[in-house]
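Following: one structure in structure tokens, then a few remarks.
Order of the sequence lines sets the chain letters (A, B, ...), proteins ahead of strands, with each chain counted from 1.
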Amino acid sequence: MSEVRTRIAPSPTGDPHVGTAYIALFNLCYARQHGGKFILRIEDTDQVRSNQKSEDDILAALSWLGMNWDEGPDKGGDFGPYRQSERSDIYKTHVEKLLDEGHAFHCFCSSERLSELRKQQMTEKKPLGYDGHCLNLSDSDRADKLQQNIPPVIRMKVPETGSCVVKDMLRDDVTIDWQQIDMQVLMKSDGLPTYHLANVVDDHLMQITHVIRGEEWINSAPKHLLLYQYFGWEPPVLCHMPLLRNADKSKLSKRKNPASVGYYQRMGYLPEAVCNFLGMMGWSMPDEQEMFSLEEMISNFDINRVSLGGPVFDAEKLDWLNGRYLREALSDDEFIQRFSQWAFQPDMLQAIVPLIKQRVERFSDIAPLAAFFFSGMPTIDEQSFEHKQLKHEDAKKILQFIAWRIEGLDAWHRDRIETALMLLAESMGIKIRDFLFPLFIAIAGSSVSTSVIDSIAVLGLDITRARLRHAIAILGGVSKKQLKNLEKEYAALEQKSGQS
RNA sequence: GUCCCCUUCGUCUAGAGGCCUAGGACACCUGGUUUUCAUCCAGGCAACAGGGGUUCGAAACCCCUAGGGGACGCCA
């Protein structure tokens, strides 16, 4: 048996997600336990959504958590490059091979035709998928289309009958009919591969032996297995982990839970506590010990002890665990050191000082003024929102709309936030001063404070969102019915102001 | 709509046919320690989704039902 090699393959399209860290943790433990290697690969084949900042953040988040990889874009290795955008040629030659051997074909269908097709299949209650329109194009047809400059995609062929058996380390064989499997696009019209192709090619070339990934992939496993077969490669062992859940059991999402690793860092959690907590999701130490280090987890790790029910990410239990680390695992000196590192991060201070400098006369004025940058949630109650122009319902609506508005921002810069909020206030027909009032309360806990727009720019999206959610809850929360109405009203506003 | 996966206290879990009157932890409640609070300590509340089998014996194995979740993109 060759060396065990596992990988985490995040796509750099946003804040580093705790779900990514969760899967990374189990891959890391499995590899280390078997004396193998853990690889980090960046799956940035989505040109539109991938960006460098996100990649940097993901690497930083995993490093912060102490999940060290052996090979990756930052440290190289024998199987690089480790960034898919730098491997285009590799995918091209592989897709050529599939084409030559008749396992794949060019498809010229427009997205309009495809969405029409989907609609029709929906009404006919048939399984959704490509209908094979371009499956049997003649060489001349194809030449014609290419001549007309219609950019093709390349799809994989799929057996029409029979079924595929997916073996999984954690569950019984999963049997899926080939009829359920779509003729997946392997190569997009921009010439870059889709996940399915890139993933299979890279896992093989990087000699990955065990693919431990989220349960969401189980349905596409047959596509991957089929590709391995087409290429004549031996597939890795598959293992599908349960998905982390929100309190309502839906897949963990940023809308309902702070889901970025950065949030927990900013809120003052210790990385070892977060790591420990993730290790308790779907897994437990053989003796049920609750507090354990990454090393302890690795030496006691057994993938077969993973339970398959999707665990709810319970922030309260994380708080308790983190408290224990703070109290029990750190000496006073370590505590001082770790706290200082957290509180006096140069980036953070550089952003905050210009905001407070003009408002202080003594250093002793700083703490009360800047406290809200460091505290978890401002201490506020319903009374805090008393205002001569705005009723509580108005405040609630404003906060909810702001939450939605900043959610859609493609970049987190002061000016972008300002513009967005100004436009929103205008479209709601509310004076800026009144409009901003509930935001001040929600973010800073007081209307006497540093510029609220600068402040949320410093605090970041996750913390801002958490505070907005908190404030809305204090104002009585939003019922399902209210939410529906608000959504409608908000959509109308967006339409009116022509915003996207 | 089609397919797939899952199901033990509110939550994280232990459980590999008899050790189960189902254990631990978070949360919650009660009491103790503490000038207060927190910590800490002691105690309490609370679950095998339902129905059929298999078996001397089922939380565990099988089947059905129900519930939950996921997938169905030129996203990953």
_Using a 6.0 Å cut-off, check whether atom CD of A:Gln179 has over 12 heavy atoms from anything other than its own residue._
no

*Would you please say whether a donor-acceptor pair under 3.5 Å links the side chains of A:Tyr230 and A:Glu101?*
no

*asked:* Quick check for you: to the nearest 0.5 Å, what is the distance between A:Lys37 atom NZ and A:Thr209 atom OG1?
replied: 11.5 Å

*Any strand: nucleotide that pairs with B:G57 via Watson-Crick or wobble, under 3.5 Å*: none

*asked:* What is the separation between atom CG on A:Asp319 and atom C1' on B:A25, rounded to the nearest whole Å?
replied: 15 Å

_Can you tell me the base-pairing partner of B:C26? Count Watson-Crick or G-U wobble geometry only, both distances below 3.5 Å, and say none if there is no partner._
B:G10

*Using the P atom as the reference point in each nucleotide, state the distance between B:C72 and B:U39 in Å, no decimals.*
45 Å

_B:G31 versus B:U8 - spacing of their P atoms, nearest Å_ = 34 Å

*asked:* Set out, in order, the CA-CA distance, both residues' side-chain angles and the distance that settles side-chain contact (heavy atoms from CB on, under 4.5 Å) for A:Leu225 and A:Val166, then state yes or no.
replied: CA-CA 8 Å; A:Leu225 261 11; A:Val166 180; 4.0 Å; yes

*Could you run through nucleotides 69-76 of chain B and give me one letter per nucleotide, 5' to 3': B if any protein heavy atom sits under 4.0 Å from the base, S if only the sugar-phosphate is that close, - if neither?*
SBSSSBBB

_Rounded C1' spacing from B:C45 to B:U30 in Å_ = 10 Å

*Same-atom distance (C1') from B:C37 to B:A59, integer angstrom*: 42 Å

_Separation of atom CH2 in A:Trp320 from atom C1' in B:U13, rounded to whole Å_ = 12 Å

*Less than 3.5 Å between a donor and an acceptor, one on the side chain of A:Lys317 and one on the base of B:A27, is that the case here?*
no

_What contact category does A:Arg305 fall into here, base, sugar-phosphate, or nothing, at under 4.0 angstrom with non-hydrogen atoms?_
sugar-phosphate

_What is the separation between atom CG on A:Asn246 and atom C1' on B:G68, rounded to the nearest whole Å?_
13 Å

*Which whole-number value in Å describes the distance from A:Tyr325 OH to B:U39 C1'?*
19 Å

*Would you say the side chains of A:Tyr91 and A:Asp202 form a donor-acceptor pair under 3.5 Å?*
yes

_Measure CG/A:Asn304 against P/B:U13 and give the value in whole Å, please._
16 Å

*Mind checking what makes ring pair (Phe, Tyr, Trp, His ring centres under 6.0 Å) contact with A:Phe277, not counting sequence neighbours?*
A:Phe313

*Length of the NZ-C1' vector between A:Lys167 and B:C4, whole Å*: 17 Å

*How close or far is atom C1' of B:U8 from atom CG of A:Leu308, stated in whole angstroms?*
14 Å

*Considering Watson-Crick and G-U wobble pairs with both distances under 3.5 Å, what does B:C72 pair with?*
B:G1

*asked:* Rounding to an integer number of angstrom, what distance separates B:C9 and B:C5 when you compare their P atoms?
replied: 22 Å

*A:Glu288 near the nucleic acid: base, sugar-phosphate alone, or nothing, with a heavy-atom cut-off under 4.0 Å?*
base

*For A:Asp314 and B:G10, give me the distance from atom CG to atom C1', rounded to whole Å.*
10 Å

*Using atom C1' of each nucleotide, how far apart are B:C62 and B:U21 to the nearest Å?*
28 Å

*Counting N and O atoms only, with roles assigned by atom type, does the side chain of A:Asn27 sit under 3.5 Å from a partner on the main chain of A:Ile23, one being a donor and the other an acceptor?*
yes

_Say we look at B:U11 and B:G68: how far apart would their P atoms be, to the nearest angstrom?_
14 Å

_Same-atom distance (C1') from B:U13 to B:C6, integer angstrom_ = 16 Å

_Please name the nucleotide paired to B:C48 by Watson-Crick or G-U wobble geometry with both distances under 3.5 Å, or report none._
none

*Between A:His94 and A:Phe231, what is the ring plane arrangement, given parallel below 30°, perpendicular above 60°, and tilted in between?*
perpendicular

_Is any side-chain heavy atom of A:Glu234 closer than 4.5 Å to one of A:His204?_
no

*In Watson-Crick or G-U wobble terms, both distances under 3.5 Å, what is the partner of B:A38?*
none

